[in-house]
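Notes follow the structure.
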Amino acid sequence: MNSLKEKIQAYIDDIQATSIENFQDKAANIEMFRVKYLGKKGIISELFEQFKAVPNEEKKDLGKALNLLKAAATEKIEEFKAFVEEHQVQDRTDDLTMPTDFSELGSRHVLSVVMNEIIDIFSRIGFTVADGPEIEDDYHVFTALNFALDHPARDMQDTFFVEKDPEVNKPTDVLLRTHTSGVQVRVMERQAPPIRVIMPGRVFRNEAISARAHCIFHQVEGLYVDKKVSFADLKQTLLYFAKEMFGEQTQVRLRPSYFPFTEPSAEMDISCNICGGKGCNICKGTGWLEILGCGMVDPNVLKACGIDPNEYTGFAFGMGVERMAMLKYQIRDLRLYFENDLRFLKQFEAIV
């Protein structure tokens, strides 16, 4: 008994004398110390096996000594861990050469990702980016774009007018732009052809907010004006965009439409990238998805901007960024873009 008790006391003395300052790799050495004493095949387990063979009258004193040994080992390990945690904090605050403790990083909003992708695609074929004011006047938003005075888009149900004339209580010509087409007018006013620009930006319309509509949304419009620009140039440009945006297998079709500022005008559809054109609930069984409007710039628009329509022609197109994101990432509710719900935003952290 005395030899076993002396062995236990020697281990206790050894534990108490052990200093973490002597450890080279502190985390690894702490784990080795723990395994040495408290592991399944460690010293304390081995002593408890020997304890089983001790006569009953001696077990009380030896059991007490073993418990003291186990408590000493456990207490020393906790002391080591506390020391390491304390010095890690000090190292981060005192040592300016240590790497920073990065917090969780944010990511780009899905609309920013899609808009940047659209801009990048058109920049590869020579389009530059133009910008203009969000608070516009009637001339640049409507009149110069061949909107008739009685066109429904001038009605307050569609347009946010910034102020009213106090004398007649009617809207003035100051408004929030309903499309980025006003930037096209400003570009053509100050720049002679050839012109090849895209105009990304935020626009506003007085609409009820729902899963399919919002009073704020984003557009990317494009304009190309030069000599001998044809509808074939427009179709080839948009076909290139569709294949770059949605995949090489994408097909396009153009359907006749009407816009005051283009003639002829068209709506462009792409083959459904969900079902491969076979028909599904996303494309409503048609195999096609509408993505943008386009057409040849109306001669009246060119004339209003000081460009000779007998010498120059051009095409224009416009698309909704929210619509593109919905099709690309199968988002069903427009309101998700504006609610800042982290459950939604975190789904796009891997997109750059």
Check: Shortest non-hydrogen contact from Asn206 to Thr159?
Finding: CB-N, 4.1 Å
Note to self: Using only atom types and a distance under 3.5 Å, with no angle test, would you say the side chain of Thr18 pairs donor to acceptor with the backbone of Asp14?
What the structure shows: yes
Next item on the list: Give a yes or no answer on whether the side chain of Asn146 reaches the backbone of Pro260 with a donor-acceptor pair at less than 3.5 Å.
Entry: yes
Margin query: Classify the ring geometry of Phe348 against Phe344: parallel below 30°, tilted from 30° to 60°, perpendicular beyond 60°.
Written below: perpendicular
Next item on the list: Carefully, step by step, assess Tyr240 and Phe122 under the rule ring-ring contact (aromatic ring centres under 6.0 Å, His included).
Entry: CA-CA 9 Å; Tyr240 167 81; Phe122 283 107; 7.8 Å; no
Checklist line | Aromatic plane relationship, Phe246 with Phe241 - under 30° parallel, 30 to 60° tilted, over 60° perpendicular | finding: perpendicular
Next item on the list: Determine, step by step, whether Met199 and Asp131 satisfy the side chain to side chain contact (heavy atoms under 4.5 Å, CB included) criterion, reporting the C-alpha distance in whole Å, the side-chain angles of both residues, the deciding distance to 0.1 Å, and the verdict.
Entry: CA-CA 6 Å; Met199 291 129 302; Asp131 193 14; over 6 Å; no
Margin query: Please check: side-chain N/O of Lys227 versus main-chain N/O of Tyr312, any donor-acceptor pairing under 3.5 Å?
Written below: no
Check: Does Thr180 offer a backbone N or O that forms a donor-acceptor pair with the side chain of Glu221 under 3.5 Å?
Finding: yes
Item checked: Closest heavy-atom pair and its distance - Ala325, Val110 -> CB-CG2, 4.5 Å
Note to self: To check you understand the geometry: which heavy-atom pair defines the closest contact between Leu223 and Phe127, and what is its length?
What the structure shows: O-CE2, 3.8 Å
Note to self: Does either side chain, that of Asp138 or that of Thr143, offer a donor lying less than 3.5 Å from an acceptor on the other one?
What the structure shows: yes
Check: Backbone N or O of Ser112 within a donor-acceptor pair of the Asn116 side chain at under 3.5 Å?
Finding: yes
Margin query: Between Glu322 and His214, is there a side-chain donor-acceptor contact under 3.5 Å, judged purely by atom types and distance?
Written below: no
Margin query: Just checking Phe204 against Phe217, ring centres under 6.0 Å apart?
Written below: no
